[in-house]
Amino acid sequence: MTDTKQRVKTLGQVAVRFSGDSGDGMQLAGNIFTNVSAGLGNSVSTFPDYPAEIRAPQGSLGGVSGFQVSIGSGVHTPGDSCDVLVAMNPAALKQNYRTVKQGGVVIVDIDSFKEDGLKKAKFQTDDAVKELGITAQVVEVPVTSMTKAALADSGMDPKSVLKCRNIFTLGLLCWLFDRPLESAAKMLRAKFAKKPAVYEANAKVLQAGFDYGHNIHASVSTYRVETDEIRPGVYTDVKGNEATAYGLIMASEKSGLPLYLGSYPITPATDILHELAKRKDLGVKACQMEDEIAGVCSAIGASFAGSLAVTSTSGPGLALKGEAIGLAVMAELPLVVIDVQRGGPSTGLPTKTEQTDLNQALYGRNGESPLAVVAPLSPTDCFDTAFEACRIAVEHMTPVILLSDAFIGNGSSAWRIPEAGDYPEIRPNFVPDEVKDSWRPYMRDPETLTRYWAIPGTPGMMHRLGGLEKDDHTGAISTDPRNHAVMVERRREKVARIARDIPAQEVVCDSPEAETLLVGWGGTYGHLYTAAEELNAQGVPVALAQFRYINPLPANTPELLRRYKRVIVAELNSGQFADYLQARFPDVNISRINKIEGQPFLVSEIVESVKELLNK
């Protein structure tokens with residue numbers, strides 16, 4: 001509803017997009033705004049959209065950096081479009097004006113709309129708003145000059161002053177959405193804890209932006225945003241990569257195994273290495289290795305020595321790690337391989353998101369090399385899925401690939417910090433006392449076929465593991481054809497039996513009328529869930545199954561897929577999961593929705609694509 005007297009819009013959800021040059025601090029302003037909103041009880045979903053270039057020319061179209069956040073009640077996506085766009089220069093406006101909703105607000109730094117800035121953004125006239133045909137409420141704010149005025153007596157050099165422009169817009173948005181300045185100031189204080197003068201300058205500019213909002217209150221609508229009914233606890237805004245790191249730490253605590261990460265920096269996975277490197281106080285060993293192969297090989301060595309071993313990477317790094325992962329399959333060692341997917345092939349689109357590494361995760365090794373594959377559904381689910389990947393790896397003595405992606409790895413959601421008691425103990429499959437006298441390296445648990453884990457140095461349990469095939473009984477090198485066939489089948493069946501130890505696949509948005517099942521996997525959950533809700537609201541009954549467990553699939557998958565007349569698989573690739581399901585269930589009628597643009601789905605794309613498929 002809209003209160004026309006006070007020009008206050010009350011919305012269940014609202015989306016804001018910060019946009020400017022890659023050096024304008026849009027990610028910082030967006031992250032602080034998100035954290036403040038999460039602290040007020042809003043659910044949040046973010047989409048940081050970085051340029052692929054390391055440093056495009058300032059003010060150019062290719063150098064525009066964006067950060068979109070949706071806040072409110074029941075938020076699952078950052079939004080197809082935004083209610084408010086902040087454009088710090090002409091290029092940002094040109095690249096993003098189409099994302100503004102009808103009746104929305106565009107805030108521009110009018111100081112940057114001079115001849116030079118307009119020329120860099122390839123405008124033909126000196127009136128960018130008219131040239132683009134923008135009909136939204138445009139608020140021309142002298143951000144640069146107001147920032148300079150606020151810091152006139154600070155003694156800061158001009159370049160440092162300009163770096164504070166993003167915080168002026170943050171203050172303005174805090175006024176626009178009735179966000180408390182105290183919370184934003186607290187985050188700035190933490191950000192610049194070692195630079196008190198910089199904090200003081202930014203705090204002053206934050207207040208100036210907020211005060212400016214009061215002075216223009218008659219010329220633009222303000223917003224009141226609804227909050228969720230939330231479970232009591234401590235909440236924070238968390239990025240997917242951070243949540244992944246925290247999930248690994250929880251798994252270390254619950255397994256009693258020291259956590260080791262062997263990694264090499266690669267976009268968009270590097271933040272996992274950064275976060276774990278800070279946690280020496282929790283006994284974490286995080287090593288930046290000289291390359292991707294060294295990263296995974298050091299982790300395999302740590303696993304052999306009895307650690308909870310992890311390596312993190314993106315698609316190009318996963319390719320380089322392939323042979324070593326095959327070694328971990330052959331040796332049957334626990335290992336977690338985290339792949340934060342990005343656009344490819346090769347270097348591809350380092351800052352963009354895709355789901356194009358699924359086939360590589362399932363099949364990207366020589367020989368018969370089965371392993372478990374899981375995929376988190378959201379930034380907060382990265383915590384649970386990382387914990388689960390560790391549990392499966394340790395209890396079933398297998399490598400596990402965790403397929404995150406740039407969208408949820410860099411994106412964030414409001415997260416309730418969990419209690420340790422909410423998570424089960426992880427039980428390493430150490431050699432049990434009753435078989436210690438007869439133990440051999442490939443002696444197995446009869447139910448799971450998981451081999452028992454003997455840590456080097458344990459008396460009476462000297463053994464060798466390596467990349468050559470071993471005898472099923474003695475663990476000695478074997479080239480016997482029949483033994484090789486046995487070992488291949490053992491490794492395959494061991495992974496298949498993990499299906500007994502994972503939850504059944506759930507269906508949401510279901511109804512008795514639904515004859516169509518929308519299927520997704522991993523980080524597309526928020527978009528598919530919102531699309532399913534919209535379709536049902538429009539009288540198009542569909543159910544949704546979002547898969548977290550990829551290999552093995554949950555045990556009820558065959559029955560689930562055959563329950564519906566039509567299955568539509570939506571994924572950010574050319575159809576890899578659809579092919580995977582079709583190969584296993586050839587009798588199921590599978591249709592496809594695919595997008596390979598380096599961008600996440602729009603909810604509207606899914607809704608329209610489902611309608612089109614159903615109308616054929």
Side-chain angles (χ1 to χ4, degrees), residues 2-11 14-21 24-26 29-30 32-33 36-37 59 64 66-71 79 81-114 117-118 121 123 125-150 162 164-179 181 184 205-225:
T2 303
D3 185 333
T4 56
K5 184 177 180 180
Q6 299 181 18
R7 296 174 62 83
V8 176
K9 290 184 178 180
T10 300
L11 300 174
V14 66
V16 182
R17 187 170 184 87
F18 297 80
S19 184
D21 196 74
D24 284 340
M26 295 296 93
I32 293 176
F33 184 80
V36 171
S37 300
V64 174
F67 184 101
Q68 184 157 316
V69 55
S70 184
I71 63 175
S81 54
C82 61
D83 297 274
V84 176
L85 169 66
V86 176
M88 299 294 284
N89 60 26
L93 180 65
K94 195 170 191 177
Q95 292 286 61
N96 293 281
Y97 76 96
R98 292 187 183 88
T99 67
V100 184
K101 296 178 182 176
Q102 185 72 28
V105 174
V106 178
I107 298 172
V108 299
D109 178 6
I110 195 62
D111 291 333
S112 67
F113 282 68
K114 308 299 183 189
L118 292 166
F123 279 98
T125 69
D126 60 358
D127 191 339
V129 173
K130 184 177 180 180
E131 184 174 329
L132 295 174
I134 296 173
T135 58
Q137 302 177 73
V138 178
V139 184
E140 297 180 346
V141 181
V143 175
T144 299
S145 56
M146 294 291 290
T147 301
K148 289 179 178 178
L162 291 179
C164 298
R165 294 188 311 143
N166 60 329
I167 304 304
F168 184 93
T169 62
L170 175 63
L172 177 55
L173 287 178
C174 284
W175 166 79
L176 193 64
F177 291 95
D178 194 24
R179 310 284 98 171
L181 279 191
V205 171
L206 179 72
Q207 185 67 54
F210 190 89
D211 292 343
Y212 184 86
H214 277 294
N215 295 332
I216 64 166
H217 71 275
S219 64
V220 63
S221 300
T222 56
Y223 296 85
R224 182 181 299 119
V225 185

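The first residue in the sequence is number 1, and the count goes up from there.
- Going from atom OG of S81 over to atom CZ of R98 covers 14.0 Å, rounded to the nearest 0.5 Å.
- Between L172 and V141, the shortest heavy-atom distance links the atoms CD2-CG2, 4.0 Å.
- For Q68 (side chain) and A15 (main-chain N/O), no donor-acceptor pair under 3.5 Å exists by modelled atom type.
- Between the side chain of S112 and the backbone N or O of M88 there is at least one donor-acceptor pair closer than 3.5 Å.
- Proximity of V106 to L85: side-chain heavy atoms (C-beta onward) are separated by under 4.5 Å at one or more points.
- Under the rule for a salt bridge (Lys or Arg N to Asp or Glu O under 4.0 Å), the partners of K101 that lie at least two apart in sequence or sit in another chain are D83.
- Of all the heavy atoms in G104 and A136, the pair that sits closest is O-CB, 3.3 Å.
- Put simply, SG on C174 and CG on L176 are 10.0 Å apart, with the number rounded to the nearest 0.5 Å.
- Using a 4.5 Å heavy-atom cutoff, the side chains of L132 and K94 are in contact.
- The CD1 atom of I32 lies 10.5 Å from the CZ atom of F67; values are rounded to the nearest 0.5 Å.
- Tested against D109 for a side-chain hydrogen bond (donor to acceptor under 3.5 Å, both in side chains), the candidates T144, N89, T169 yield a single pass: T144.
- Using a 4.5 Å cut-off on side-chain heavy atoms (C-beta onward), R17 and N96 make contact.
- Interatomic distance, K148 NZ to R165 CZ, rounded to the nearest 0.5 Å: 9.5 Å.
- Interatomic distance, CE of M146 versus OH of Y212, reported as 6.5 Å (0.5 Å rounding).
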Under the side-chain contact (heavy atoms from CB on, under 4.5 Å) criterion, do V205 and T147 qualify, and how do the steps go? CA-CA 6 Å; V205 171; T147 301; 4.1 Å; yes
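- Checked against salt bridge (Lys or Arg N to Asp or Glu O under 4.0 Å), R179 has no partners two or more places apart in sequence or in another chain.
- Summarising the geometry of D21 relative to G59, their closest heavy-atom pair is OD1-N, 2.8 Å, with the distance given to 0.1 Å.
- The closest side-chain heavy-atom distance from I107 to L173 is below 4.5 Å.
- Note that OG of S19 is 13.5 Å distant from OH of Y97, once rounded to the nearest 0.5 Å.
- F18 has its side chain out of reach of D24: every pair of non-hydrogen atoms, C-beta onward, lies at least 4.5 Å apart.
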Would F123 and F113 count as a ring-ring contact (aromatic ring centres under 6.0 Å, His included) here? Give the steps. CA-CA 10 Å; F123 279 98; F113 282 68; 7.2 Å; no
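- Here the shortest heavy-atom pairing between G171 and L181 reads CA-CD2, 4.5 Å.
- L170 has its side chain within reach of L206: a pair of non-hydrogen atoms, C-beta onward, lies under 4.5 Å apart.
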